[in-house]
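Report on the following structure.
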Amino acid sequence: MMKNRDSRLPLYQRLADEIRDQIASGKFKPGDRIPSENEFIAQYGAAAGTVRQALQELVDEKILERIHGRGTFVKKAFDSTLFRFFRFNQNSNTPPESRMLSRELVTPASYVQRQLKLNEGDKVIHFTRLRLIDGQPALFEEINLKHEGFEHLLDYELSSFEDLLYPMYAEVCDQFIFRAEDTLCVEESTAEIRRLLRIDEGLPIVAIERLAFNFGNTPVEWRRSRGRADYFKYRVDIR
């Protein structure tokens with residue numbers, strides 16, 4: 001039976017919401033094969049067309065993916081990188097590395113509180129880190145992560161953090177990033193940013209604000225990344 005679903009919604013929508021919640025709760029994880037249409041029909045007593053429509057909605061949302069001859073699977077977690085916006089040494093084979101600078105449990109600024117839909121008094125884990133390529137600072141990041149669900153990250157030594165955070169969220173906290181919204185703008189560099197990125201006064205920087213969501217479409221991370229504007233590139237494919 002589906003729990004506490006609005007009976008005014010079409011049955012396929014209620015079923016899609018039920019499956020979405022099961023994914024968000026971790027019952028089905030990225031890469032897992034979900035039950036077949038026949039199994040859902042038996043479990044919920046729904047018509048085949050209703051189940052098919054519910055699954056198709058989740059496929060269209062890129063939460064699920066169908067693999068011919070194998071079944072329907074939860075799509076692998078979001079793995080896009082901010083480095084797609086910046087160009088560095090094109091001949092370098094060295095992957096970007098990260099250097100965690102600080103971590104603290106804090107009351108977030110009001111803007112971050114609104115972005116993450118936090119209640120009054122909720123805390124966030126606030127990180128600062130540098131991203132480097134060939135040992136040269138490329139990005140400075142401020143990351144605000146919901147405390148609830150990510151508490152285990154407070155127990156890690158800063159030197160133990162991996163270069164890619166989203167796989168670490170999944171492995172350590174069983175939290176999966178499904179999608180993110182990026183917003184770009186150009187800013188004047190501050191003295192602190194110039195020191196961290198080793199740039200001259202007067203050189204502008206590009207700031208990328210990212211709001212990341214879990215499979216339940218709940219925002220869990222807000223970050224601001226700043227990089228040199230002369231390294232920045234933007235490309236969009238319009239069809």
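Treat the numbers as computed from the prediction; the structure is a model and nothing was measured.
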| query | Got Ile208 and Leu139 here, is their nearest side-chain heavy-atom distance under 4.5 Å? | reply | no
| task | Kindly determine whether Leu197 and Leu203 satisfy side chain to side chain contact (heavy atoms under 4.5 Å, CB included), including the steps that lead there. | result | CA-CA 11 Å; Leu197 296 181; Leu203 184 67; over 6 Å; no
| task | Give the cluster check for Phe40 versus Phe73: same hydrophobic cluster or not, with ILVMFWY residues linked at side-chain heavy-atom distances below 4.5 Å. | result | no
| query | Apart from Phe213 itself, what residues make up its hydrophobic cluster when side-chain heavy atoms of I, L, V, M, F, W and Y under 4.5 Å apart count as a link, directly or indirectly? | reply | Val106, Tyr111, Val112, Leu116, Leu118, Val124, Leu211, Trp222
| task | Flag the pair Ile23 / Phe176 as yes when at least one side-chain heavy-atom distance between them is below 4.5 Å, and no otherwise. | result | no
| Expected output: side-chain Asp163 to main-chain Ser98 donor-acceptor under 3.5 Å | yes
| task | For Arg33 and Arg70, indicate whether the former's side chain and the latter's backbone hold a donor-acceptor pair under 3.5 Å. | result | yes
| field | Worked verdict on Asn217 versus Arg179 for side chain to side chain donor-acceptor pair (under 3.5 Å) | value | CA-CA 8 Å; Asn217 212 33; Arg179 69 180 185 90; 2.9 Å; yes
| query | Taking atom NZ of Lys29 as the centre, does the number of heavy atoms from other residues, nucleotides or ligands within less than 6.0 Å exceed 12? | reply | yes
| Does any donor atom in the side chain of Glu39 or Ser36 lie under 3.5 Å from an acceptor atom in the other side chain? | yes
| request: Would you mind reporting whether Asp17 and Leu9 have side-chain heavy atoms less than 4.5 Å apart? | output: yes
| Would you say the side chains of Glu221 and Tyr166 form a donor-acceptor pair under 3.5 Å? | yes
| said: Do Leu196 and Arg226 have side chains that approach each other closer than 4.5 Å (heavy atoms only, starting at C-beta)? | reply: no
| query | Which heavy-atom pair separates Ile205 from Ser189 by the least distance, and what is that distance? | reply | CG2-CB, 3.9 Å
| query | Can Ile63 be reached from Tyr12 by stepping across I, L, V, M, F, W or Y side chains whose heavy atoms are under 4.5 Å apart? | reply | no
| Qualifying ring-ring contact (aromatic ring centres under 6.0 Å, His included) pairs, either residue in residues 141-160, two or more places apart | Phe150-Tyr169
| said: Could you see if Ile41 belongs to whatever hydrophobic cluster contains Leu15? Use Ile, Leu, Val, Met, Phe, Trp, Tyr and a side-chain cutoff under 4.5 Å. | reply: yes
| task | Assess whether atom CZ of Arg66 is packed by more than 12 heavy atoms of other residues, nucleotides or ligands within 6.0 Å. | result | yes
| message | Please list all pairs meeting salt bridge (charged side-chain N to carboxylate O under 4.0 Å, His left out) that have one or both residues in residues 145-158, counting only residues at least two apart or in different chains. | response | none
